Enquirer: 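Supplied in structure tokens, the structure appears directly below.
So that the names make sense, note that chain A is the first sequence line, chain B the second, and so on, each numbered from 1. Because only heavy atoms are used, hydrogens play no part in the values below, and waters and symmetry mates are left out as well, while side chains stay in. Note that the structure is a prediction, hence the values are computed from the model and not measured.
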Amino acid sequence: MIKKRIKTLLEEALTQLLGSLPIPPYEIEKPKKEIYGDYATNIALVLKNKTNLKPFQIAEKFAQILSEERVLFSKVEVVSPGFINFWIREEYYKEHLREVLKKGEKYGSQDLGQEQRVLVEFVSANPTGPLHIGHGRGAAYGDSIARILSFTGYRVFKEYYINDKGTQMEILGRSVYLRAKELSGEKLVFPEGYYRGAYIYEIAKKALENYPFLLDLEEKKAVELCQTLAINLILEDIKKDLENFRVFYDNWYSESTLYERGKVEKVLRLLKAKNLLYEKDGALWFKASLFEDAKDRVVMRSNKEFTYFTGDMAYHYEKFVERGFDLALNLWGADHHGYVSRLKAFLKALDINSERLKVILIQMVNLIEGGKLKSMSTRQGEFVPLKDLMEEVGVDATRFIFLSRSAETPLDFDLDLAKKQSQENPVYYVQYAHARICSLFEKAKASGLKDFHLENLKTELLSEKEEFKLLKILENFPEVVESASLFLAPYKVTQYLLELAEAFHEYYTKHRIILPENLDLTYTRLGLCLACKLVLKVGLDLLGVSAPERM
RNA sequence: GCCCCUGUAGCUCAGUAGGACAGAGCACGAGAUUCCUAAUCUCGGGGUCGUGGGUUCGAAUCCCGCCGGGGGCACCA
């Protein structure tokens, strides 16, 4: 990466100029304006506080040293008030193309993670109903982050935490039980706060089929049966949806097993040993406020039941201590943000570095249809199932749209636009670029050209400005991947792909690739196209979006 | 009341470990195909970066106040 090379050169020059003084944070960036070169740095400006020299003078000294690096730079320039601008030699970019082609599908991969083991936990929706559009965003985001992290040197493990215990599960069981009664002709009032989606009727029907004696049972027993059946059926449905959405987990982790295996007890023992638990109002509390949480938290309610938090403590203790993950990355809905400090407080209490837990809060999805906002609530049974979305919009377009915005921005999902297979829908723009290149290669083959080989690449023949633009964009890919990984931001890849596709379409429109009268140029241009195709494919893979060969 | 996110072009959003005259897509208007896929390309108008201060050589970006939008402040998850 050019940036890294410039960094090294700058820091060598710095030592040469001023000895080894601490380097303040500075920037090497691609300037927005062409007149400022390909890269620019503000190092002289940030250094001014450390020295007596004027920024412009420091910059000039830097420039003097750096301009001797003739392989990389064609020009180094200093501009007021002290920016140093670099122009990269065209040959550098041309040579780089060879490297892209050599690396193939490995191009862009790197070792940021240094084999650290990271557990990515995402979706983890309660099995109380089908996945909806909001879960879809989490699914796309988590899956893509997992792909990006493993592409950048982390050992990634994907997990779904099943909340199969607690109050909500009981309400689910009761909801089914009541619907079963209703189906058997009983008139009743369906309570507030119960699950009233149509799927509850389906499960109730199934319950009556499986257990013809259901309504003769003691209520507690019957509700239990309903609950177990409901969880199983819903979970099965969730798994199927996620698979269709191309999201596959390494593990499905059941909350209730934490209790069965004594993990919860163990964690409570550890806290107790540190004198961090106390009783109040008949409940058991954890002194979270000692660890930067807003208040103390209940771990066992006065009815002797554990809270969700208690299970989560045990779960995370196991993640870090017993299962030995270096990092845990959790993707939560933004409505859970208050919960972050609670969990971190627990980690601090047990002397586990809370930095090892990273929580990405994903903002809401607003569904827009016909220009109007649709509201969503699982309990009310008003939601657009992910299933429907995949069916109507398609997996590719759905994922692409979800991955086109940063997590902290609420997403307006415009159903009508998403369904359009047109210009307005960016996913096709990128895929089309890929398909076009594939078609080029078919055409080449049909015209009797040999398969492309690196020896046929004569980069000195690349002279069009659209070709340079492509070369530069291709060169930039690893930096984009790095930043997507560092910031856990798949949308950076999405945006990059749009940029690359645009540059390709422009090139394609303006220049012919296959020129029977000039085979050298043809092969070289095909090489450039092949590199584009490759990077498009790799980038789309990171998003979990397909790269079709035809459209 | 407290906490988190957010306010940038008509719309949807980039840009926020400070940097050089503020970007993209869509929409809108005008054009391009005898030739490798027109799901393409070219040109065009468009913005008090919510607002008022402050820090700085330099602020969309950092700090403080105010206003607007979303979410959260349970012995629910």
Enquirer: Stacking between A:Phe83 and B:A20, defined as ring centres under 5.5 angstrom apart with planes under 30°, is that present or not?
Expert: yes
Enquirer: Given pairs defined as Watson-Crick or G-U wobble with both distances under 3.5 Å, what dot-bracket annotation applies to RNA chain B, with ( ) intrastrand, [ ] crossing, | other strand and . unpaired?
Expert: (((((((..((((.....[...)))).(((((.......))))).....(((((..]....))))))))))))....
Enquirer: Look at the side chain of A:Thr409 and decide which nucleotide, out of B:G18, B:A20, B:C13, has an atom nearest to it.
Expert: B:C13
Enquirer: Between A:Lys319 and A:Glu159, is there a side-chain N and carboxylate O pair less than 4.0 Å apart?
Expert: no
Enquirer: Toward the 5' end of RNA chain B, which comes first, A:Ser302 or A:His505, by nearest nucleotide?
Expert: A:His505
Enquirer: Is any N or O donor-acceptor pair between the side chain of A:Arg405 and the base of B:C13 shorter than 3.5 Å?
Expert: no
Enquirer: Can you identify which nucleotide, out of B:C21, B:A14, B:A77, has its nearest atom closest to the A:Tyr36 side chain?
Expert: B:C21
Enquirer: When you check the gap from the basic side-chain N to the acidic O, do A:Lys458 and A:Asp520 get nearer than 4.0 Å?
Expert: yes
Enquirer: Any Lys/Arg nitrogen of A:Glu292 or A:Lys344 sitting under 4.0 Å from an Asp/Glu carboxylate oxygen of the other?
Expert: no
Enquirer: So, is A:Arg301 near the phosphate of B:A77, with a side-chain N or O under 4.0 Å from OP1 or OP2?
Expert: yes
Enquirer: Salt bridge or not between A:Lys4 and A:Glu482? Use side-chain N to carboxylate O under 4.0 Å.
Expert: yes
Enquirer: Is any side-chain N or O of A:Asn85 under 3.5 Å from a base N or O of B:A20, one able to act as donor and the other as acceptor?
Expert: yes
Enquirer: What about A:Asp335: does its side chain form a donor-acceptor pair under 3.5 Å with the base of B:G72?
Expert: no
Enquirer: Consider the side chain of A:Arg436, meaning its heavy atoms from C-beta on, and name the nucleotide among B:A77, B:U42, B:U40 that approaches it most closely.
Expert: B:U40
Enquirer: Give the nucleotide from the list B:C41, B:G70, B:G15 with an atom nearest to the side chain of A:Lys492.
Expert: B:G15
Enquirer: Counting side-chain heavy atoms from C-beta on, which of B:G25, B:U40, B:A77 comes nearest to A:Glu502?
Expert: B:G25
Enquirer: If you measure from the Lys or Arg side-chain nitrogens to the Asp or Glu carboxylate oxygens, is any gap between A:Lys165 and A:Glu255 under 4.0 Å?
Expert: no
Enquirer: Among B:A77, B:C36, B:C75, which nucleotide has an atom closest to any side-chain atom of A:Lys443?
Expert: B:C36
Enquirer: For the C1' atoms, the ones on B:G31 and on B:C36, what distance do you get once it is rounded to whole angstrom?
Expert: 23 Å
Enquirer: On the side chain of A:His337, is there an atom forming a donor-acceptor pair with the base of B:C3 - under 3.5 Å, no angle test?
Expert: yes
Enquirer: Output yes when A:Lys30 and A:Asp38 qualify as a salt bridge under the 4.0 Å nitrogen-oxygen rule, no when they do not.
Expert: no
Enquirer: Of all the nucleotides listed (B:G15, B:C41, B:C36), which has the minimum atom distance to the side chain of A:Tyr491?
Expert: B:G15
Enquirer: Classify A:Arg297 by what it touches in the nucleic acid, base, sugar-phosphate, or nothing, heavy-atom distance under 4.0 Å.
Expert: nothing
Enquirer: Write down the atom of A:Cys529, the atom of A:Phe504, and the distance for their closest heavy-atom approach.
Expert: SG-CE1, 3.9 Å
Enquirer: Starting from P on B:C5, measure out to CD1 on A:Ile360 and report it in whole angstrom.
Expert: 14 Å
Enquirer: Can you find an N or O donor on one side and an acceptor on the other, under 3.5 Å apart, linking the side chain of A:Thr307 with the base of B:C75?
Expert: no
